[in-house]
Protein chains: 2
Amino acid sequence: MKPSGTVLAAWRLLLESHRRLASQMDHDLREAHDLPLDWYDVLHQLNTSGGRLRMHELSAATLFSRTDCTRLVDRMAAAGLVERERASEDRRGVYAVLTPAGKDRLRAAAGSHLDDIQRLFGDHLRAEEIAALESGLARVVNAAENLAAT
Amino acid sequence: MKPSGTVLAAWRLLLESHRRLASQMDHDLREAHDLPLDWYDVLHQLNTSGGRLRMHELSAATLFSRTDCTRLVDRMAAAGLVERERASEDRRGVYAVLTPAGKDRLRAAAGSHLDDIQRLFGDHLRAEEIAALESGLARVVNAAENLAAT
DNA sequence: CCAATATAATTGCAAATGAAACTAATGCTC
DNA sequence: GAGCATTAGTTTCATTTGCAATTATATTGG
C-alpha cells in the first residue's frame, strides 16, 4: 500500500527534524564540552545501565554497529572516559566500563544538552503532540525491532 | 529549562525511530534497486524541483553539506543519473540536472520505497498521531531553520 | 573603475564508517 | 569428547565524510 500524503509529509518532517536537530546538538556539545554527540550517547547508555555493558549490549543500546562500538570505545578509552575490561564469565567478552572521569564528563555535559533538547524540541510542541509522538513512535520502534530480530 | 520526562522520551524515540527506519530503508533500496538512500534523496529533490538545481540549492534541499553534494553528484554523474551543467547566468555556478536515466531509476525505486514508508512507518500510526507529528515537527523544523539562518 | 570582499563550487587531507575477513572462545550434536 | 557451527570482538580495506584551503567569478564601496 502507498502512504497517504500526510504520512509522507510526516515522514519527511521526521527526517528533516532529525537532521537539523542532531547536527545542531552535536555542534553545541562539541562547542561547550568538546564532546561529540555519539560520545554523549555512549556515556548516557553506559550510565543508565549501571556503568558497564558488554560490547554487543552497547551496540544494541546505541544502535551503532559492533565495528563502530569497538572504535568508539577505543577513542573514548584513550580519552579516559571508559575502560575495557575482559569478561570473567565469557573469555571472548569485553565490558565497556564508565570511568569516574567519564561520569563527570557526562554530568557536566548533561545540563546544557538537556536544555538544548527542551529549547530545540520540547519548546515547540504541545502536550498532546508530545503524547502522540511518544505513543506512535513507540509502536513504530517496536515493529522495527521485531522486524530486525528476524 | 529542563525537558520533562515525556519530552525526553519523545526525543529519544524520534532518534531511535530515525536510526532504525533509515537504515532499514537504505538496506531495502540497495537490495532492490542498488540505490543508496542518499542517492534516492538527491533524485527525489531534483525531481520535485523541475529536474535541475544549483549545487547550493541541492545542499539546502537535502541538508547534505556542499562538499557532500559535490561528491554525491560526482558519483551519480559517473553512474549516469545526473549531469553537471555550468550556469550561464553565473559562471561560478553549476546545475545538477536529472538525466532521463536518473528519472527512470527514481521512478523504478519510488514504488517499493513508498511501500516501505507505509509499511515501516505509516502502518503503525493512527490518523491523529500523524496529524500531531506533522503539525508539531513542522514547528520544530521551522524554528531550527530560523536558528540556522542566523 | 578597481580594490576589497563575498559567494560558488571543488579539492586535499585527516578522520570516520561499513562490510567482510579474521581470531578466539563457546555451545551443540552425534 | 571431537568436530562443526555460533557468537564476541577486532581488524583490514575501500569508501565516505568534514574541515580548511583553493580557484574562479561576482558584487560593492570608495
Side-chain angles (χ1 to χ4, degrees), chain A residues 18-20 22-31 34-42 46 52-79 81-97 148-150, chain B residues 18-20 22-31 34-42 46 52-79 82-97 148-149:
Chain A
H18 173 269
R19 277 191 207 171
R20 286 191 184 276
S23 79
Q24 181 68 45
M25 288 179 190
D26 183 58
H27 179 270
D28 292 348
L29 267 176
R30 286 173 195 267
E31 189 94 356
D34 195 28
L35 196 68
L37 185 54
D38 291 354
W39 289 29
Y40 182 91
D41 224 29
V42 169
L46 282 175
R52 36 194 296 113
L53 284 174
R54 289 284 295 265
M55 295 303 284
H56 70 277
E57 295 172 324
L58 182 62
S59 168
T62 57
L63 300 183
F64 294 132
S65 66
R66 285 175 258 70
T67 300
D68 231 350
C69 283
T70 293
R71 287 190 279 213
L72 275 169
V73 169
D74 277 352
R75 290 170 225 144
M76 292 175 67
L81 305 182
V82 299
E83 272 172 4
R84 278 167 203 283
E85 190 182 300
R86 296 212 80 84
S88 51
E89 76 280 15
D90 179 345
R91 285 192 298 182
R92 293 168 303 181
V94 172
Y95 282 95
V97 184
T150 320
Chain B
H18 173 269
R19 277 191 208 169
R20 286 193 184 275
S23 80
Q24 181 69 43
M25 287 179 191
D26 183 58
H27 179 270
D28 291 348
L29 267 176
R30 285 173 195 267
E31 189 95 356
D34 195 28
L35 196 67
L37 185 54
D38 291 354
W39 288 30
Y40 182 92
D41 223 30
V42 169
L46 283 175
R52 34 194 295 112
L53 284 174
R54 288 285 294 267
M55 295 303 283
H56 69 275
E57 295 172 325
L58 181 62
S59 168
T62 56
L63 301 183
F64 294 132
S65 67
R66 284 174 259 74
T67 301
D68 229 350
C69 283
T70 293
R71 287 190 276 216
L72 274 170
V73 169
D74 278 351
R75 290 171 225 142
M76 293 176 67
V82 300
E83 273 173 4
R84 279 168 201 284
E85 190 183 299
R86 296 213 80 83
S88 50
E89 76 280 15
D90 179 345
R91 286 192 298 182
R92 294 168 303 183
V94 172
Y95 283 95
V97 185

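Residue numbers start from 1 in every chain, and the chains themselves are labelled A, B, ... in the order their sequence lines are given, proteins ahead of strands.
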* Check: A:V42 and A:L81 side chains under 4.5 Å, non-hydrogen atoms -> no

* B:R71 versus B:T67: any side-chain heavy-atom pair under 4.5 Å? -> yes

* Under 4.0 angstrom, heavy atoms only, what part of the nucleic acid is B:R86 near: base, sugar-phosphate, or nothing? -> nothing

* Under 3.5 Å donor-acceptor, B:S59 side chain and B:M55 backbone -> no

* To do: At the 4.0 Å heavy-atom cut-off to chain A, mark where contacts on DNA chain C begin and end, going 5' to 3'.
  => C:dA16 to C:dT26

* To do: Select base, sugar-phosphate, or nothing to describe what B:D38 touches, counting heavy atoms under 4.0 Å on all strands.
  => sugar-phosphate

* To do: Without swapping roles, check the side chain of A:R91 against the backbone of A:R86 for a donor-acceptor pair under 3.5 Å.
  => no

* Asked: For the atom pair OH (A:Y40) and CG (A:D26), what is the distance rounded to the nearest 0.5 Å?
  -> 13.0 Å

* To do: Could you tell me whether the side chain of B:D74 reaches within less than 4.5 Å of the side chain of B:R84, counting heavy atoms only?
  => yes

* Length of the line joining A:R84:CZ and D:dT11:C1', which is rounded to integer Å -> 12 Å

* Between residues 60-75 of chain B and DNA chain C, which residues have a heavy-atom gap below 4.0 Å? -> B:T67, B:T70, B:R71

* Side chain B:R19, main chain A:F64, donor-acceptor under 3.5 Å -> no

* Report the distance from atom NE2 of A:H56 to atom C1' of D:dT6, rounded to the nearest whole Å. => 13 Å

* How many Å lie between CZ on B:R30 and C1' on D:dT16, as a whole number? -> 11 Å

* To do: Kindly indicate whether the side chain of A:R92 and the base of D:dT7 share any N or O donor-acceptor pair separated by less than 3.5 Å?
  => yes

* B:M25, B:R30, B:E31 screened by side-chain contact (heavy atoms from CB on, under 4.5 Å) with B:H27, the one that passes -> B:E31

